[in-house]
Amino acid sequence: MGGPLGAIIGRYPSAAGGDEQLGGGAGGGIIRHDRRCRDIAFLVLFAAFWIAMIVNSSFGFNQGNPLRLTYELDYKGNICGDKHGNPNLQELDVRYWMNPNQVYQSGLKDSKVNLADAKAICLMECPNPAVDGLNFICDYPEGDIHLSVDDWINRDYDYFEFLTPDMRNSSLQLQGPCYPIIFPTVNVYWSCQFIARASNVSLKHWHEMGGVSIDENILIDKTVHKAIDSRSAVLKRYIADIGKSWPVFIVCGGILPAFLSVMWLLMIRYFVAAMTWITVVLFNALVISVTMFFYIKAGWIGNDPLTVVIGESDPYVHISGREISHLHTVTILMTAVMIIAFLSSIAIVRRILIATPVLKVAAKVIGEVQALIAFPLLPFLILSIFYMFWFSATLHLFSSGQVVRNDCNTDCCSYDLKLGKVNCDNCCGYNIHYTPHISIAILFHLFGCYWATQFILACSSTVVAGSVASYYWARGEITHDIPFLTVVSSLKRLMRYSLGSVALGSLVVSVVEWVRFILECLRRKLKLVDSARESCFGKATSSSSECCLGCIDWTLKSVNRNAYIMIAITGKGFFKASVLATGLIMKNILCIGKVNVIGDVILFLGKLCVSLFCALFAFLMLDTHKYKSAHNKISSPVIPVLVTWALGYIVAKLFFAVVEMSIDTIILSFCQDAEEHQGNAQYAPPALMETLDEQGELQRLTQGP
């Protein structure tokens with residue numbers, strides 16, 4: 001260990017010497033030995049990373065348009081609903097394919113026609129056939145059609161009566177500018193889904209007018225549904241759901257978890273004996289409640305299932321989607337989690353009492369250093385500002401592709417109102433093209449979020465550890481030798497000396513997590529490609545490697561947490577602090593495990609309680625009319641609820657670190673103190689000794705394995 005720790009950081013004499021070594025007197029201070037900046041290279045790397053994050057995000061803000069995530073393109077390359085389109089498409093949000101034969105042909109197996117090249121325009125709502133006649137949908141008015149867009153909308157997009165004879169003949173050949181409404185349609189995520197149930201009345205009028213034959217095959221339905229339900233379309237809708245749910249994230253992912261976490265800390269301070277039982281019971285109740293909400297949205301309970309249709313529709317028409325399948329999968333997973341949570345709670349009932357003395361230690365520290373309760377509000381504010389910037393940049397990055405014309409070999413003709421004739425040279429539609437560098441930018445953006453989050457959490461933990469260490473090594477006395485605000489002093493030490501070490505520690509965890517993520521993605525791809533020929537050895541290797549990476553990740557996080565404590569106490573660099581922390585833990589592994597494991601379990605359940613309550617409240621907010629209709633309708637509650645749960649957990653982790661780091665810092669300090677003084681801790685405050693003596697833990701700690 002490189003010498004007694006008490007002599008390094010305390011003001012009381014120890015085996016290595018007394019106050020004279022530290023400068024003596026009151027001015028010697030607690031944890032004020034010789035310090036210097038550590039791991040500066042990684043602080044520079046973190047600063048460079050932030051510059052890269054800003055540049056990367058500015059690319060998204062410059063090139064992206066979040067409307068592309070929700071709405072589709074028309075045949076001119078305009079985004080439906082975009083007021084800057086040509087023409088102005090504000091409030092014209094729904095994409096409608098005008099030529100039913102083109103839609104049918106694009107679904108044929110060997111057809112050269114692609115649905116992306118079929119002529120589509122933007123409307124306010126999906127049209128349906130007339131009850132006693134034939135209606136038309138006509139192209140945007142221009143050229144010889146002297147109507148404004150507003151007049152065109154007021155006429156239900158029908159100006160067939162104004163067409164010249166040539167235009168009428170062209171329309172009867174399904175070449176525009178007007179096309180018959182033969183099939184009913186419904187609005188499925190802002191695209192008109194055809195229902196392969198042609199109107200006999202409209203079809204009869206069309207044939208009487210001399211119109212060409214129209215295919216009535218069910219393929220017209222399946223073709224549109226396949227495009228709307230593609231993986232890329234579903235992913236875009238999920239990202240769009242994040243943008244629509246920002247009020248939910250602010251309330252349920254920010255304000256609510258902060259409030260609940262502060263309340264939990266206060267209850268730990270005053271009702272520590274009851275909090276273990278309250279936490280376990282509340283956790284199970286919340287898991288059951290969230291699972292029931294998933295059952296309701298999956299349609300397995302009640303009469304309020306998730307629907308892919310926007311607005312009213314025929315109740316006898318059932319349209320499924322990937323979102324519903326994903327919701328069913330998550331519901332099944334939540335059921336498994338609920339069962340495991342209940343059985344685990346039963347298993348730890350007898351050991352819950354062991355957590356009480358550990359929490360009492362933290363409660364006493366919080367009572368003495370009361371600024372610890374308020375301190376997490378500072379990193380919470382920083383984290384909130386960062387997430388607002390990050391989510392906004394995410395929406396723009398995911399929508400930063402370029403609108404380009406398709407390269408198609410389709411033989412088709414349509415009437416061009418500007419040219420005043422049928423044009424057969426302009427059939428290709430438009431698509432959004434994503435270049436490989438956009439994928440790299442998105443991956444870097446996601447990695448940046450994880451690293452920044454880990455960095456802020458690590459900074460908060462280090463400040464708490466420094467404050468608690470000051471309390472411990474002063475024998476629990478808050479005197480003039482400890483600054484009035486120990487938290488401020490700890491924060492100053494972090495900012496001045498240890499930011500590089502914290503940046504390194506958070507980077508190590510982030511890199512390992514991303515290696516796990518990349519390997520898992522590769523494993524899944526290989527499994528899909530070669531699932532039939534995968535050998536037992538391959539399966540065993542894959543599973544064992546995944547397990548090993550998980551263990552390494554868990555070990556690193558545990559070592560990091562204790563390394564931050566040693567950084568706060570000794571001012572060492574990250575690697576040196578990790579060695580010190582690991583050596584101390586290995587010498588007292590059984591002692592620390594006996595006292596700390598159950599305490600960590602209770603704290604973990606407490607964080608889950610906060611995040612699950614946030615998820616439950618998010619369900620309630622998303623179940624309101626605002627998020628179930630019109631432009632704010634979300635495709636599925638799964639992503640907003642999961643994001644809210646993650647945000648709630650991160651915020652809870654930020655506040656619960658006060659208790660968690662207090663316990664770990666006190667135990668590490670106590671073990672080192674006892675080791676230096678032949679099993680008799682000299683620096684431990686009387687309140688701590690009393691708490692440990694009450695539960696008989698003092699003897700176990702000092703005796704060791």
Side-chain angles (χ1 to χ4, degrees), residues 247-283 285-286 355-356 358-388 453 456-468 471 478 485-488 490-491 561 599-618 620-621 644-666:
V248 178
F249 297 150
I250 291 176
V251 175
C252 303
I255 298 173
L256 184 61
F259 172 77
L260 292 174
S261 298
V262 171
M263 293 300 298
W264 199 90
L265 290 179
L266 291 174
M267 292 183 72
I268 278 287
R269 171 71 182 90
Y270 295 105
F271 307 103
V272 63
M275 280 307 296
T276 51
W277 296 104
I278 292 174
T279 300
V280 172
V281 173
L282 190 60
F283 167 68
L286 287 170
T356 303
V358 181
L359 295 178
K360 280 185 178 180
V361 172
K364 291 183 181 296
V365 174
I366 294 172
E368 295 290 341
V369 191
Q370 296 183 6
L372 286 175
I373 296 179
F375 166 71
L377 292 174
L378 176 61
F380 167 72
L381 180 62
I382 296 172
L383 205 58
S384 300
I385 295 171
F386 168 72
Y387 279 147
M388 285 189 283
T453 300
I456 294 171
L457 291 173
C459 286
S460 178
S461 298
T462 306
V463 172
V464 173
S467 304
V468 176
Y471 166 82
I478 304 298
L485 290 176
T486 57
V487 174
V488 174
S490 183
L491 179 60
R561 192 170 70 181
D600 283 346
V601 169
I602 295 300
L603 290 173
F604 177 66
L605 293 182
K607 287 180 276 189
L608 287 180
C609 283
V610 171
S611 56
L612 286 170
F613 193 91
C614 295
L616 184 63
F617 206 81
L620 295 174
M621 285 190 68
T644 302
W645 175 84
L647 291 174
Y649 186 83
I650 291 170
V651 173
K653 189 173 182 180
L654 199 61
F655 283 85
F656 278 57
V658 171
V659 178
E660 204 165 22
M661 294 303 288
S662 295
I663 294 172
D664 290 347
T665 305
I666 288 289

Tell me the salt bridge (Lys or Arg N to Asp or Glu O under 4.0 Å) pairs involving residues 604-615, sequence neighbours left out?
-> Lys607-Glu660
Which pair of heavy atoms, one from Ile650 and one from Leu457, lies closest together, and at what distance?
-> O-CD2, 4.0 Å
Step-by-step side chain to side chain contact (heavy atoms under 4.5 Å, CB included) determination, Ile373 to Phe655 | CA-CA 8 Å; Ile373 296 179; Phe655 283 85; over 6 Å; no
Drop me the distance from Ile382's CD1 to Ser460's OG, to the nearest 0.5 angstrom.
-> 9.5 Å
Heavy-atom closest pair (Val610 atom, Gly648 atom, distance to 0.1 Å) is CG1-O, 4.2 Å
Point-to-point distance, once rounded to the nearest 0.5 Å, from CG of Leu654 to CZ of Phe375 = 8.0 Å
Examine distances only and state if a side-chain atom of Thr462 and a backbone atom of Ala458 form a donor-acceptor pair shorter than 3.5 Å.
-> yes
Where Val658 and Pro376 come nearest, the two heavy atoms and their spacing | CG2-CG, 3.5 Å
Please assess Thr276 against Val280 for the test side chain to side chain contact (heavy atoms under 4.5 Å, CB included), listing each intermediate value before the final yes or no.
-> CA-CA 6 Å; Thr276 51; Val280 172; 5.8 Å; no
For the residue pair Phe271 and Ile278, establish whether any side-chain heavy-atom pair is separated by less than 4.5 Å.
-> no
Taking Ser490 for the side chain and Thr486 for the main chain, is one N or O donor matched with an acceptor at less than 3.5 Å?
-> no
To the nearest 0.5 Å, atom CZ of Phe283 lies from atom CZ of Phe604 at 7.0 Å
For the student: nearest non-hydrogen atoms of Trp645 and Leu612, plus distance = CD1-N, 4.0 Å
Decide yes or no on side chain to side chain contact (heavy atoms under 4.5 Å, CB included) for Ile268 and Trp264, but give the supporting numbers first.
-> CA-CA 6 Å; Ile268 278 287; Trp264 199 90; 3.2 Å; yes
Checking side chain to side chain contact (heavy atoms under 4.5 Å, CB included) for the pair Cys614/Leu647: CA distance, chi angles, key distance, verdict?
-> CA-CA 9 Å; Cys614 295; Leu647 291 174; over 6 Å; no
Pairing residues for Tyr649 by the side chain to side chain donor-acceptor pair (under 3.5 Å) criterion, not counting sequence neighbours | none
Interatomic spacing from NZ in Lys653 to CG in Leu383 - rounded to 0.5 Å | 11.5 Å
Heavy atoms, side chains only, cut-off 4.5 Å: are Leu603 and Ile663 in contact?
-> yes
Shortest non-hydrogen contact from Leu372 to Ser662?
-> CD1-OG, 4.4 Å
Okay, side chain of Ser611, backbone of Leu608: is any donor-acceptor separation there less than 3.5 Å?
-> yes
Count the heavy atoms belonging to other residues, nucleotides or ligands that lie under 6.0 Å from CZ of Phe386, then report whether that count exceeds 12.
-> yes
Sorted by chain and number, sequence neighbours left out, side chain to side chain donor-acceptor pair (under 3.5 Å) with Ser261 holds for none
Between Val251 and Pro257, which heavy-atom pair has the shortest distance, and what is it?
-> O-CD, 4.2 Å
Counting only heavy atoms not in Phe380, do more than 12 fall under 6.0 Å of its CZ?
-> yes
